[in-house]
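So that the names make sense, note that chain A is the first sequence line, chain B the second, and so on, each numbered from 1.
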Amino acid sequence: MNPALKLIAQRLALGALLLLAVSALIFAGTQILPGDVAQSILGQSATPESLANLREELGLNEPALTRYFDWLGGILVGDLGTALTSGADISEAVGKRLSATLFLASVAAVISIPLAILLGLVAVRYKDRWPDKLISASTLASISLPEFFIGYLLIVFFAVNLGWFPSLARINDGMSFFAKLEAVFLPALTLTLVVLAHMMRMTRAAILNVMQSAYIETAELKGLGSFKIIARHAFPNAIAPIINVVMLNMAYLVVGVVVVEVIFNYPGMGQYLVDHVSKRDVPVVQACGLIFAAIYIGLNLVADVVSILTNPRLRHPK
Amino acid sequence: MDLKTIPISAWIGIISTTCFVLAAIFAPLIAPYGMAEVVGGVWEPMSATHWLGTDNLGRDLFSRMIYGAQTTLTIAALATLVSFTTGSLLGMTAAVVGGWTDQILSRFVDLLMSIPTLIFALVVLSVLPPGLLTLILVMGVLDATRVFRLSRAVAVDVNVMDFVEAAKLRGEGRWWIITREILPNALSTLVAELGLRFIFMVLFLSALSFLGLGIQPPQADWGGMVKENKDGIVFGIGAALIPAAAIALLAISVNLIADWILNRTTDLKGGRGGQ
């Protein structure tokens, strides 16, 4: 078998195994730790009888292992259970919110990835001059600024002062694509600013690494212009590390979405998760936690697979 | 140490961090009003009596900022302490003992790190009893994974040095080797990391409080104050931006110091750990 395919199959299997372990960890985190679900639903004044009834109803008297496999079996067939607080079907609620979150995240990705790569290239071209220094300084600022600071600044500027975009990102099914795009512009811009600096800094590092190769010197000696060297010789060889960085930042973006959705009151997964954490609605929290973790692991896996695929030594074995 | 060798950026960081720390320590002496004292109308603008105006309930924003510094800095510092002691001790133990202990600890840390920190914190906070202790422990333990990785990596390097070998040969116990041989040699790397972890804790705590899952009102903390005042933003009232800016300023200041320490320690080691 082709070693690249074998490696990829290995990674995928490991990813599945990791996901299984993560599901066990999330389940254990919500079940074995102190704190009683029935008690937290009914409050301190609940009578012992009503507590016992609720425990029976929720199946809390079963052993933890049985409940875990019931839960896992449900997930495999797309049944995430029902919410404790509203009694609503979780899969149904999650479906709509997940697509809203993915829409927001992909708009942010479409803006941030090309911009980060372009700015990374510019930083390499003007290494140690002011564009490069500016980019380094903005990295420091961007890892220091909390998401809500960026978000509210954008709201004050673009929504309150200029009135260009709405301050609350409300979307619904009836809206046209462009109306939706306008609604998510500010949250997407916030996410972009959160990941942009790190992404371009890593792009810069990846290209600079390649720039030290002998073939770049050859290209320089045969008299190519510096942008041409970067675009034709350095960039193609730096693609693998860049894709890796992009995927890691996309994974980060999926988490950043939680806070950004709350800032802009966006009806996505993050908002849904946060609401149900404060209501102590464990089944919803478990389901959302697992989905977020799965996306995170999935994106890391894609990064792995892409770096295997772009490695010519693995693609063309001797 | 020659004070003149400290770069200007580090000075800015040191001075502004000191201001924050002093404000936190002497909060009751500096704050003109009480933390939860209602002293005026809702969202009054900045004035001579209320330097930063008033908040969503008519409390003095400047006083709350100072008390907020106390809460935020204390909780973040305690969580950093938890994270560092557990992370570095376990990390160094894993490196020195090796074998199965190392395997089990390292794989468990890998597993914890494969779930985004904020998401796992939310999952756990949904069942744990609310309170400051819970918050400190959850933040500390989740962050200890990163300290574990760093200190394990450094300890693995130091562990093969001749002086550690010598200590083992003359029959010193593992505890002695970890605390007397490895810890002092790993300290410079860990100190630089300490600043970054502390900042991460401040941001993490603020995010949790902003989501309404961290420190509970009426206790003042910066993330919670952003949440309290965020409804004013759409009316053009910037009260929520002030605590948010304070978080950003503190984070940048500590980062400037950490950068400087990091550069110094890499110089000392002949560039190890640099780009």
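The residue among B:Leu111, B:Leu249, B:Asp110 with the most heavy atom pairs within less than 4.5 Å of chain A is B:Leu111. For the options A:Ala293, A:Pro146, A:Ala21, heavy-atom pairs under 4.5 Å to chain B are most numerous at A:Pro146. Listed options B:Leu112, B:Leu125, B:Leu241 were ranked by heavy-atom pairs under 4.5 angstrom with chain A; first place goes to B:Leu241. Top candidate by heavy-atom pairs under 4.5 Å with chain B, chosen from A:Leu18, A:Leu145, A:Val254, is A:Leu18. Put simply, of B:Ala245, B:Gly212, B:Ala207, B:Ala240, the one with the most heavy-atom pairs under 4.5 Å next to chain A is B:Ala245. In terms of heavy-atom pairs under 4.5 Å with chain B, the best-connected choice from A:Asp281, A:Leu25, A:Leu19 is A:Leu25.
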Checking B:Met201 against B:Ile75 for the side chain to side chain contact (heavy atoms under 4.5 Å, CB included) test, could you report, in this order, the C-alpha distance in whole Å, the side-chain angles of both residues, the deciding distance, and whether it holds? CA-CA 9 Å; B:Met201 287 300 187; B:Ile75 305 286; over 6 Å; no
After noting the C-alpha distance and the side-chain angles of B:Ile66 and B:Gln70, does the key distance pass the side chain to side chain contact (heavy atoms under 4.5 Å, CB included) rule? CA-CA 7 Å; B:Ile66 290 170; B:Gln70 191 172 44; over 6 Å; no
Run the numbers on A:Glu261 and A:Thr101 for side-chain hydrogen bond (donor to acceptor under 3.5 Å, both in side chains), then give the verdict. CA-CA 8 Å; A:Glu261 280 179 8; A:Thr101 293; 2.7 Å; yes
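With a 4.5 angstrom heavy-atom cutoff, B:Phe204 does not touch chain A via any of its atoms. Residue B:Phe120 touches chain A through its side chain alone, counting heavy-atom pairs closer than 4.5 Å. Using a 4.5 Å cut-off between heavy atoms, B:Leu211 touches chain A through backbone and side chain atoms alike. Heavy atoms of A:Ile150 lying under 4.5 Å from chain B are absent altogether. For B:Pro243, no part lies under 4.5 angstrom from a heavy atom of chain A. Looking at A:Tyr296, the atoms closer than 4.5 Å to chain B (heavy atoms on both sides) all sit in the side chain, from C-beta outward. For chain B, the nearby parts of A:Ile263 are the backbone and the side chain; heavy atoms of each come within less than 4.5 Å.
For the pair B:Arg152 and B:Phe148, the cation does not sit on the ring face, since its NZ or CZ is not both under 6.0 Å from the ring centre and inside 45° of the axis. Because its NZ or CZ atom is not both nearer than 6.0 Å to the ring centre of A:Phe148 and within 45° of the ring axis, B:Lys227 does not count as a cation-pi partner of that residue.
When all heavy atoms are compared, the tightest approach of A:Ser23 to A:Tyr68 is OG-OH, 2.7 Å.
Using a 4.0 Å cut-off between a side-chain N of Lys or Arg and a carboxylate O of Asp or Glu, B:Asp102 and B:Arg107 do not qualify as a salt bridge. For B:Arg146 and B:Glu193, the salt-bridge test fails: no basic side-chain N is under 4.0 Å from an acidic carboxylate O.
The line from CG of B:Leu133 to CG of B:Leu78 is 10.0 Å long, rounded to the nearest 0.5 Å.
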